Amino acid sequence: MSKQIAIDGPAGAGKSTIAKKLASDLSFVYVDTGAMYRSIGLYMLKNGIDIHDKDAVESASKNADVELKYIDGTQHVLLNRDDVSTEIREEQVGKAASTVSQYPEVRKNLTALQKKLAETENVVMDGRDIGTCVLPNADLKIYLTASAEVRGKRRFDELEAKGEKADLPTIIEDIKKRDEADMTREISPLKKADDAVLVDSSDMTIDEVVSKIKSLYV
Ligand code: DC
């Protein structure tokens, strides 16, 4: 049986940084499920499909082949064989991902792909519904969160470091809107699984969070 660690939580809680580090320390494969939803969002934007049109998105998603590939231990996301790992990080792609992730057909296909990955590899998988839907029997489930203000500030610092213009109140407002959308959608909304451990990273460093999760994984 492969080993599974599920990390869920809202946007900007540090899930990917922490999951990546944890996976590397444990020699597990890191699976970023948000990247898969982002790829579907990107496909719709690139092909001029109205992301608010459920039927159009569900139908078009049949032509979007999403694949994860690992090169020297780093995850690369392929969309119809093109490496879109960088492009999917754009803000508008994140918003599109949040919208298309509401649609049942999109979720069904990506969930199946995620379950399949976890069958053969030891994984640290992060997302919104990993502990509740994708890996309900995971060995350890973490719900990682932080206040919207702290998450906004982290995002603001990231953008500033890249030399991009950013407005902190707007970022915090966007984060709150995304939380609301992800938590209130009908299918597989973001919520803490009953058996998940809540970790609030507002006042913790990355290393502290990684150590805490390791101490829970015994
Ligand atoms: O973690 P992220 O910001 O890369 O995720 C982008 C969007 O994808 C997020 O707003 C909601 C959706 N998502 C999801 O519905 N289920 C997942 N397991 C992962 C992401």
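Given the structure is predicted, the values throughout are model-derived calculations rather than measurements. Just follow the structure's listing: the first ligand is 1, and inside any ligand the first atom is 1.
- Scanning the protein for heavy atoms near atom 19 (C) of ligand 1, the closest one is Thr33 OG1, 3.4 Å.
- Of the protein's non-hydrogen atoms, Tyr37 CD1, 3.6 Å is the one closest to atom 13 (N) of ligand 1.
- For Glu164, the CD atom counts as densely surrounded, since its 6.0 Å shell holds more than 12 non-hydrogen atoms of other residues, nucleotides or ligands.
- Between Ile5 and Asp139 the shortest side-chain heavy-atom distance does not fall below 4.5 Å.
- Crowding of Asp50 atom CG: a count of heavy atoms from other residues, nucleotides or ligands under 6.0 Å exceeding 12.
- The nearest heavy-atom contact from the protein to atom 16 (N) of ligand 1 is Arg107 NH2, 3.1 Å.
- In this structure, atom 1 (O) of ligand 1 lies nearest to the protein heavy atom Arg128 NH1, 2.9 Å.
- Atom 7 (C) of ligand 1 has Ala97 CB, 3.7 Å as its closest protein atom, hydrogens excluded (heavy atom only).
- An N or O contact shorter than 3.5 Å is missing between Asp126 and ligand 1 by distance.
- There is a side-chain donor-acceptor pair under 3.5 Å between Ser98 and Asp182.
- Counting heavy atoms under 4.0 Å from ligand 1, residue Ala11 does not touch it at all.
- The distance from ligand 1 to the heavy atoms of Ser101 drops below 4.0 Å at these ligand atoms: 11 (C), 12 (C), 15 (O).
- Residue Leu78 is not grouped with residue Met44 when hydrophobic side chains (ILVMFWY) are merged at heavy-atom distances under 4.5 angstrom, including chains of intermediate members.
- Atom CG of Asn63 has more than 12 heavy atoms from other residues, nucleotides or ligands within 6.0 Å.
- With a heavy-atom cut-off of 4.0 Å, Arg185 touches ligand 1 through its side chain alone.
- Each of Arg151, Lys176, Glu180, Arg128 was evaluated against Pro10; a single residue qualifies, Arg151, per the side-chain contact (heavy atoms from CB on, under 4.5 Å) test.
- The shortest N/O to N/O separation between Arg178 and ligand 1 falls below 3.5 Å.
- Checking only distances, Asp32 never comes within under 3.5 Å of ligand 1, N or O to N or O.
- The residue Met36 has no part lying near ligand 1, judged by heavy-atom distances below 4.0 Å.
- A continuous path of ILVMFWY side-chain contacts below 4.5 Å connects Tyr70 to Val66, so both sit in one hydrophobic cluster.
- Within ligand 1, counting atoms from 1 as listed, the ones closer than 4.0 Å to a heavy atom of Asp129 are 16 (N), 17 (C), 18 (N).
- When hydrophobic clusters are built by joining Ile, Leu, Val, Met, Phe, Trp and Tyr residues whose side-chain heavy atoms come closer than 4.5 Å, directly or via intermediates, Leu117 is not grouped with Tyr30.
- Under 4.0 Å from ligand 1, the heavy atoms of Asp182 that appear belong solely to its side chain.
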Could you go through the side chain to side chain contact (heavy atoms under 4.5 Å, CB included) check for Phe28 and Lys3 one step at a time? CA-CA 8 Å; Phe28 282 19; Lys3 302 260 195 302; 3.6 Å; yes
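- For atom 3 (O) of ligand 1, the nearest non-hydrogen atom of the protein is Arg38 NH2, 3.0 Å.
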